[in-house]
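Because the structure is predicted, anything quoted here is derived from the model rather than measured. Positions are given from 1, in the same order as the sequence printed here.
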Amino acid sequence: MPLPTGDHVRYGGDHNPEQWPREVWDADHAAFDLAHVTTLTLGVFAWAHLQPAPDVYDFSRLDAIVEHTAAQGRDVVLATPSGAMPPWLAAAHPDACRVDDQGRRHLYGQRHNHCPSSPAFRRLSVAMADRLAARYGDHPAVVAWHVGNEYGGACYCDLCAAGFHDWLRTRYGTLDRLNDAWNATFWSHTFTAWDQVPPPTMLSEHWRSPNHTAFQGITLDYRRYMSDRLREGFVAEKAAIRAHVPTTPVTTNLMGFYQPVDYHRWADDLDFVSWDNYPPLPDDPRRTAARMAATHAAMRGLKGGQPFWVMEQTPSTTASRDVNPVKRPGVLALWTWQAVAHGADATLFFQMRQSRGACEKYHGALIDHSGRTDTRVFREAAALGAALASTGDALLGARTPARVALLLDWDAWWAVEMTDGYNRHVSYLQTLLQHHRALWSANAAVDVVPVTADLAPYDVVVAPALHLLKGDLPDRLTAFVEAGGTLVTSFYGGRVDESTNAFLGVPPLDPLLGVRVEETDSGVPGATNPVTLVLDGETTTHDATLVFELLVPDEGTDVVGTYGADFYAGRAAVTRARRGSGEAWHVGTGLDDDGVARVLRHVLDRHGLAGPHADEPDVEVVDRVAPDGTTYRFVLHHGAAPVALAAQVGGTDLLTGRVVLPGDRLTLAPAEVLVLQQPAPASAPAVRPVARGRQRARRTSA
């Protein structure tokens, strides 16, 4: 189902007029006019006033809000309010409140607080979705439906335990298969009835934290189950909406790299992807920019490269962290254009007006407590809104093509961080982001995709910390390499099956990689071992930390990097095996950023995939290609000082109308953005071909 169409990239955000008297609504919309706001999300946390008692519904205020919004010429994303249940629901149905992993039934409070197995919560949330869709489903202002809010967390109550048993029956069929998958003969864990299986908690299989678990198979399956259980709630509400609204797209706001929920398991149920962009507290602007680029790519990758929405970002500051700095001048626009460059067809805020109380009263908003429109934040937001409006519909539906794939797998993420042995200081996500950062720094176009993705469109596949292998992935990676592609794996790669049992004999990836892991040493944080890399006739030395695999290369496998210390000094740390017309690399240790970047830059250069201005560290270059073949080149400056560049392609800047010729000298100020429109070629290729082989020609420099 296509995304909602519009005149240009949608702009606006989460509006809560139910919290304010009517005169404030008029003032808000006057400000929205100044800021070029097109789209408002309504009703996200409105359950208590929409349904003040179990059998009492009152839509009068929402009726007025929707009509007022439509009368101002703005579109509506209408939310179901199940992200925060009302107090009466918890009082009447205590099983709607979660049980935590210490066995405690929670009282009413906060949000994200419902049990996904509660029959009462499911019945009442679906009934609310049904009534909303029946009432507003054919309203011309409603362009999308937003179910719930930021699904997450877990419950361990008896209802969830019973649901887990049903889920296990479906997955395994027999107890013999379940016991085999969990290696249940260990510690006398052989189950003889389904209801003997406890949810893995601090009272059963866990200690210290949910990542410290005696049986990884049980905990891994419970995480899969809970992700599915939360998804069932979304699907049930969506079905209620669909009964009245057959074509308007339905989504929910995801949270990027959020470990508890496997978004790949949700992708088919989302009509389009939307997510909330709140990057961690920035310690280095480049690292923050790289992380956002990776997350945009991961969200785009959920549905095969389809454009997505940023459903929330803050105009200025967050409110939930120990330290909440404001966005510096220009950063709001820079980060918004970065999102658009990577595939966003909408960039929306939380929130439109600051709440007067509770935990988000100091969370940033388009309109602050003063209600003024002459603040720095409002002026920047209004200028951004005008700039987005000026682009018209040129960017809508444009894709962000790439020939490099970075594999992301929630099962591997869970498995790496709950496995005993090796090193608990290793972070799957940080390892993934380190590899992405190296690719991003070279301005390579990257898709972040699931392990089930078609590999045919890519020349390079990077699979860091891919601890768990499932399905036919080893065979597909082998075919990919033999056809001419380059695969890069890292430490911990390919050690266990989908139940986290170690492979016996030869692990499936070893023949492709041309290497086996004899031992795995671990180091405390800060302890390093120097690794010497020899690439392109140049020798460099880099620190390695945390993980040190002792590699035994097969005959014919190239040793590219060697350890410099400890009893394995001189032994292989980085290898390359040539298979067919391709290459398979294995980096068996935690190389520092420069070391990972050196390996990946060599791989990119083999395929001509280092992008324009790849050696300018603060300049990001991203292409979006419209269905007619027109290319829009985004040049984004993340540095703190002006930078001079020579234009590598010509085009018209979509934001200023300036005509740029190849070779023109450009000086970009901090946070400055160019969007160069390049005409479509006479015979434009498809934006996203199903397969294009292993192209060897260097990409056109631009």
Original post:
Given the rule in the salt bridge (Lys or Arg N to Asp or Glu O under 4.0 Å) test, do R242 and D271 qualify, once you have shown the distances and angles that lead to the verdict?
Top reply: CA-CA 12 Å; R242 276 282 167 265; D271 292 333; 2.6 Å; yes
Subject >> side-chain hydrogen bond (donor to acceptor under 3.5 Å, both in side chains) between H15 and Q351, intermediate numbers included >> reply: CA-CA 6 Å; H15 193 214; Q351 49 194 330; over 6 Å; no
Original post:
Do NZ/NE/NH1/NH2 and the carboxylate oxygens of D345 and R624 come within less than 4.0 Å?
Top reply: yes
Original post:
Does the distance from a Lys or Arg side-chain N to an Asp or Glu carboxylate O, for R372 and D374, drop under 4.0 Å?
Top reply: yes
Subject >> Closest approach of P307 to L3 (non-hydrogen atoms, all atoms of both residues) >> reply: O-CD1, 3.5 Å
Subject >> W47 side chain to M128 backbone, donor-acceptor under 3.5 Å >> reply: no
**OP:** Spell out, as yes or no, whether a donor-acceptor pair under 3.5 Å connects the side chain of R321 to the backbone of N324.
**Re:** no
Original post:
Is there a donor-acceptor contact under 3.5 Å from the side chain of E18 to the main chain of R61?
Top reply: no
Original post:
Among T656, T652, L654, L636, whose side-chain contact (heavy atoms from CB on, under 4.5 Å) with V675 holds?
Top reply: L654
Subject >> Non-hydrogen side-chain atoms of Q434 and P464 separated by less than 4.5 Å >> reply: no
Original post:
Hey, is D33 close enough to R74 for a salt bridge, meaning N to O under 4.0 Å?
Top reply: yes
Original post:
Side chain of T80, backbone of G148: donor and acceptor closer than 3.5 Å?
Top reply: yes
**OP:** Please determine if R231 and D268 form a salt bridge, counting it only when a charged side-chain N lies under 4.0 Å from a carboxylate O.
**Re:** no
Original post:
So, for Y458 and D454, which heavy atoms are closest and what is the spacing to 0.1 Å?
Top reply: CE1-O, 3.4 Å
Original post:
What distance separates T295 OG1 from D276 CG, expressed to the nearest 0.5 Å?
Top reply: 12.0 Å
**OP:** Decide side-chain hydrogen bond (donor to acceptor under 3.5 Å, both in side chains) for N277 and E312; before the verdict, give the C-alpha distance in whole Å, the side-chain angles of both, and the deciding distance to 0.1 Å.
**Re:** CA-CA 6 Å; N277 183 21; E312 293 184 20; over 6 Å; no
Subject >> Salt-bridge contact D411-R224 (side-chain N to carboxylate O under 4.0 Å) >> reply: yes
Original post:
Could you walk me through whether Q354 and E360 pass the side-chain hydrogen bond (donor to acceptor under 3.5 Å, both in side chains) check?
Top reply: CA-CA 8 Å; Q354 277 187 309; E360 290 180 325; over 6 Å; no
**OP:** Quick one: pull up CE in M352 and CG in L42 and give me the separation to the nearest 0.5 Å.
**Re:** 10.5 Å
**OP:** State which residues pass ring-ring contact (aromatic ring centres under 6.0 Å, His included) with H363; sequence neighbours excluded, sorted by chain then number.
**Re:** Y278, F350
Subject >> R265 NZ/CZ over W410 ring centroid, <6.0 Å and within 45° of normal >> reply: no
Subject >> Aromatic centroids of H244 and Y136 separated by under 6.0 Å >> reply: no
Original post:
Could you state the interatomic distance from CG (L62) to CG (L78), rounded to the nearest 0.5 Å?
Top reply: 6.0 Å
Original post:
Any Lys/Arg nitrogen of K238 or D269 sitting under 4.0 Å from an Asp/Glu carboxylate oxygen of the other?
Top reply: no
**OP:** Could you tell me whether the side chain of T38 and the main chain of R10 form a donor-acceptor pair under 3.5 Å?
**Re:** no
Original post:
Any side-chain heavy-atom pair from V643 and D618 closer than 4.5 angstrom?
Top reply: no
Subject >> Polar side-chain atom of T373 near backbone of A31 as donor-acceptor pair, under 3.5 Å >> reply: no
Original post:
For H114, which residues count as a ring-ring contact (aromatic ring centres under 6.0 Å, His included) partner, sequence neighbours excluded?
Top reply: F121
Original post:
Which atoms form the tightest heavy-atom contact between A365 and P315, and what is the distance?
Top reply: C-CG, 3.5 Å
Original post:
Are any side-chain N or O atoms of H112 and backbone N or O atoms of E150, one a donor and one an acceptor, separated by less than 3.5 Å?
Top reply: yes
Subject >> Rounded distance (nearest 0.5 Å) linking atom CG of L408 with atom NE2 of H436 >> reply: 11.5 Å
**OP:** Locate the shortest heavy-atom distance separating C359 from A319; write the atom from each residue and the value.
**Re:** O-CB, 3.9 Å
Original post:
ring-ring contact (aromatic ring centres under 6.0 Å, His included) with Y11: which of F32, W309, F349?
Top reply: F349
**OP:** In sequence, state the C-alpha distance, the side-chain angles, and the governing distance for H638 and Q338, and then conclude on side-chain contact (heavy atoms from CB on, under 4.5 Å).
**Re:** CA-CA 10 Å; H638 297 284; Q338 184 193 41; 4.1 Å; yes
**OP:** Give a yes or no answer on whether the side chain of T336 reaches the backbone of L332 with a donor-acceptor pair at less than 3.5 Å.
**Re:** yes
Original post:
Please walk me through it: do D593 and R287 pass side-chain contact (heavy atoms from CB on, under 4.5 Å)?
Top reply: CA-CA 11 Å; D593 287 355; R287 292 173 73 92; 3.3 Å; yes
Original post:
What's the spacing between R658 CZ and L674 CG if we round to 0.5 Å?
Top reply: 7.5 Å
**OP:** For side-chain contact (heavy atoms from CB on, under 4.5 Å), just list the numbers for F634 and L676, CA-CA rounded to whole Å, side-chain angles, deciding distance to a tenth of an Å, and then say yes or no.
**Re:** CA-CA 6 Å; F634 291 75; L676 297 179; over 6 Å; no
Original post:
G233 and Y151: which non-hydrogen atoms are nearest, and at how many Å?
Top reply: C-OH, 4.3 Å
Subject >> Approximate separation, where rounding is to 0.5 Å, of Q259 CD and W413 CH2 >> reply: 5.5 Å
**OP:** Over all heavy atoms of both residues, which pair between T248 and V142 is shortest? Give the atoms and the distance, please.
**Re:** CG2-O, 4.1 Å
Subject >> Residues in ring-ring contact (aromatic ring centres under 6.0 Å, His included) contact with F234, at least two apart in sequence or another chain >> reply: W266
Subject >> V76 side chain reached by V143 side chain, heavy atoms, under 4.5 Å >> reply: no
Original post:
Would S82 and E237 count as having a side-chain donor-acceptor pair, cut-off 3.5 Å?
Top reply: yes
Original post:
Hey, what's the ring geometry for H68 with H29, parallel, tilted or perpendicular (30° and 60° as the breaks)?
Top reply: perpendicular
Original post:
Per the side-chain contact (heavy atoms from CB on, under 4.5 Å) rule, which among T391, V9, D7 passes with L396?
Top reply: V9
Original post:
Is there a donor-acceptor contact under 3.5 Å from the side chain of H8 to the main chain of L395?
Top reply: no
**OP:** Carefully, step by step, assess E620 and H342 under the rule side-chain hydrogen bond (donor to acceptor under 3.5 Å, both in side chains).
**Re:** CA-CA 11 Å; E620 179 181 11; H342 285 277; 2.7 Å; yes
**OP:** Would you mind checking if D284 and R437 are paired as a salt bridge, meaning a charged N to carboxylate O distance below 4.0 Å?
**Re:** no
Subject >> Check ion pair K327-E380 (N to O, under 4.0 angstrom) >> reply: no
Subject >> CA sep, side-chain torsions, deciding dist, call: E616, V635, side-chain contact (heavy atoms from CB on, under 4.5 Å) >> reply: CA-CA 12 Å; E616 179 52 63; V635 184; over 6 Å; no
**OP:** Check whether any side-chain N or O of T317 sits under 3.5 Å from a backbone N or O of P325 as a donor-acceptor pair, and report yes or no.
**Re:** yes
Original post:
Are H296 and F308 an aromatic pair by the rule of ring centers under 6.0 Å?
Top reply: yes
